[in-house]
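Have a look at the structure below, then the notes.
Since the model is a prediction, treat every value here as computed from it, not as a measurement.
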Amino acid sequence: MRLLSALRLLLGGQFGEIIEGSKRFAAGEFDYRIPVGSSGELRKLSETLNFMAAQAGLKMREAQLRRLELEAAFRDMPEAIVVTDGSGVITRINPRARQLMGVKGFEAEGMWLSGMPAGPELSSAAIKALASGRPVSLEFEPPSAPGTVLSVSASPIVEDGAVRGCVLVARDITGPRKLETMRKEFVANVSHELKTPLTAIKGCAETLLGGALEDKEHGPEFARSIYDQAVRLDNLVADLLKISYAESGRDKLEKRAVDLRALADGTVKGLSAVLAGKKVTVKNLVPDGLTATADRDKLSQVLINLLDNAAKYNREGGEVRVSAAAEPGAVRVTVEDTGPGISAAHLPHIFERFYRVDKARSRELGGTGLGLSIVKHLVELHGGSVGVDSAEGRGSAFWFTLPG
């Protein structure tokens, strides 16, 4: 104390300013600067302390910026993130995790992970990661979000060889899983659809090669069967190409004003053979002068598919009615038939690829099971929607809308 007092008397007020500055630096006031005196050593000390304070302030600002960046990423990430301590108590949780785990109306930090509504599976992953010190992965469907599939990875936080906590990251993989399921189903359906006509062609060809080629009575029947199955294959491949192109995102629309009544008349004429074969009559009830802004070729394909179905699945001597009407901001086109109708159980799936209400009859009539799916994609490409109103015994009314 005597020495410190002696130094203060010897050095005067500058020593006190250095002490005061040091205290303020220690309190985090890095913008403060110690007045620089004239004494040589004390001047160097003041300058050094001021430089250190400036550098510490710069590092603190950089650290604060990094912290804010990490906070923003943590808050806005689409993945759910939960951080626990070494015993499984939640220390951090982001909004996406709260949503997926059903955490509403209470503070999750400080609670056991196993106590969360969707916590048991996450808790199990965290416990395994904490116990083993190794990453753990799993997939599950949380009760708080039925139909949602989560992919969870739990990574231990290791410090000095000891596990201090765990970081769980949950990703919503519902979309990719659905796409994978759809892809598998599509491959299976295509394989099945191709196998049927190929088997028939192979069988007929083997029969002809086995001697039926010389049989003038039955030989032409096998040749006709081969031709019919080849046509079916050609139609299937053509429809697959259409739907693949429609789904690729590369299909471009060339929109212009399309006269709907004239388009319906032209489509009916193009299908005259199909309509005559079923003895089906068509009534064009589209008002004169009603137009829609659309790609004429694609809109023609939509009508061809709907009218072809209305004729094929109609009763013999039945009727098909094509009508259209302007709605607020849209035009609605409807194709009605007098066929057997569709039961309510089939209606939600009617526009799915390869879905058939009557599989045997559809194949017999040459259907590929892709026509209505193509209709759906082409209409949605225009920004419209599709639907069907039907019931067993009273026919069906397929409709689509186009933006006005």
Side-chain angles (χ1 to χ4, degrees), residues 66-159 161-190 244 247-249 348-349 351-355 373 376-377 380 385:
R66 298 289 87 77
R67 187 185 68 79
L68 292 174
E69 290 172 349
L70 290 173
E71 284 291 336
F74 182 80
R75 181 183 65 248
D76 299 328
M77 283 183 71
E79 290 82 8
I81 303 175
V82 181
V83 183
T84 75
D85 63 14
S87 59
V89 174
I90 297 174
T91 58
R92 297 291 303 279
I93 180 171
N94 72 345
R96 180 58 173 155
R98 289 177 175 275
Q99 178 187 4
L100 288 176
M101 294 176 64
V103 179
K104 297 178 181 178
F106 60 90
E107 194 65 33
E109 284 85 351
M111 298 187 67
W112 293 97
L113 182 60
S114 57
M116 298 297 100
E121 292 84 357
L122 295 177
S123 181
S124 174
I127 290 171
K128 290 178 181 178
L130 291 170
S132 66
R134 299 188 186 91
V136 175
S137 299
L138 61 88
E139 292 181 10
F140 76 102
E141 185 175 319
S144 58
T148 300
V149 181
L150 298 182
S151 173
V152 178
S153 61
S155 301
I157 302 171
V158 180
E159 181 185 24
V163 178
R164 305 296 185 185
C166 180
V167 177
L168 294 106
V169 179
R171 298 175 179 84
D172 187 344
I173 59 170
T174 308
R177 281 291 175 271
K178 285 183 177 178
L179 287 175
E180 183 180 347
T181 301
M182 288 175 62
R183 180 187 62 79
K184 290 178 179 178
E185 291 177 350
F186 181 72
V187 171
N189 284 328
V190 169
S244 175
E247 291 179 337
S248 68
H349 310 286
F351 289 96
E352 294 176 5
R353 290 177 294 189
F354 295 112
Y355 191 85
S373 184
K376 181 174 183 287
H377 281 286
E380 290 180 347
S385 58

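For Arg164, the salt bridge (charged side-chain N to carboxylate O under 4.0 Å, His left out) partners at least two apart in sequence or on another chain are Glu159. By the side-chain contact (heavy atoms from CB on, under 4.5 Å) test, Ile127 pairs with Ser123, sequence neighbours left out. Residues satisfying the side-chain contact (heavy atoms from CB on, under 4.5 Å) criterion with Glu139, sequence neighbours excluded, are Val149, Ser151, Ile173, Arg177. Checked against side-chain contact (heavy atoms from CB on, under 4.5 Å), Ala126 has the following partners two or more places apart in sequence or in another chain: Leu113, Cys166, Leu168. Partners of Thr174 by side chain to side chain donor-acceptor pair (under 3.5 Å), not counting sequence neighbours, listed by chain and number: Asp172. In terms of the side chain to side chain donor-acceptor pair (under 3.5 Å) criterion, Ser132 has no residue partners (sequence neighbours excluded).
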Ser153 and Arg171: CA distance, side-chain angles, deciding distance, side chain to side chain contact (heavy atoms under 4.5 Å, CB included) verdict: CA-CA 9 Å; Ser153 61; Arg171 298 175 179 84; 4.0 Å; yes
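Taking all atoms of both residues into account, the shortest heavy-atom contact from Ala129 to Ala154 is CB-O, 3.8 Å. Here the shortest heavy-atom pairing between Ala125 and Leu138 reads CB-CD2, 3.4 Å. The minimum heavy-atom distance between Glu79 and Asn94, with the atom names listed, is O-ND2, 3.0 Å.
Under the 4.5 Å side-chain criterion, counting only non-hydrogen atoms from C-beta, Ser155 is not in contact with Arg134. Within the 4.5 Å cutoff, side-chain heavy atoms of Val167 are placed close to those of Ile157.
Distance CZ/Arg92 to CD1/Ile81: 9.5 Å, rounded to 0.5 Å. To the nearest 0.5 Å, atom NE2 of residue His377 and atom CZ of residue Phe351 are 11.5 Å apart. With rounding to the nearest 0.5 angstrom, the CG atom of Leu130 is 5.0 Å from the OG1 atom of Thr84.
A side-chain donor-acceptor contact under 3.5 Å links Glu352 and His349.
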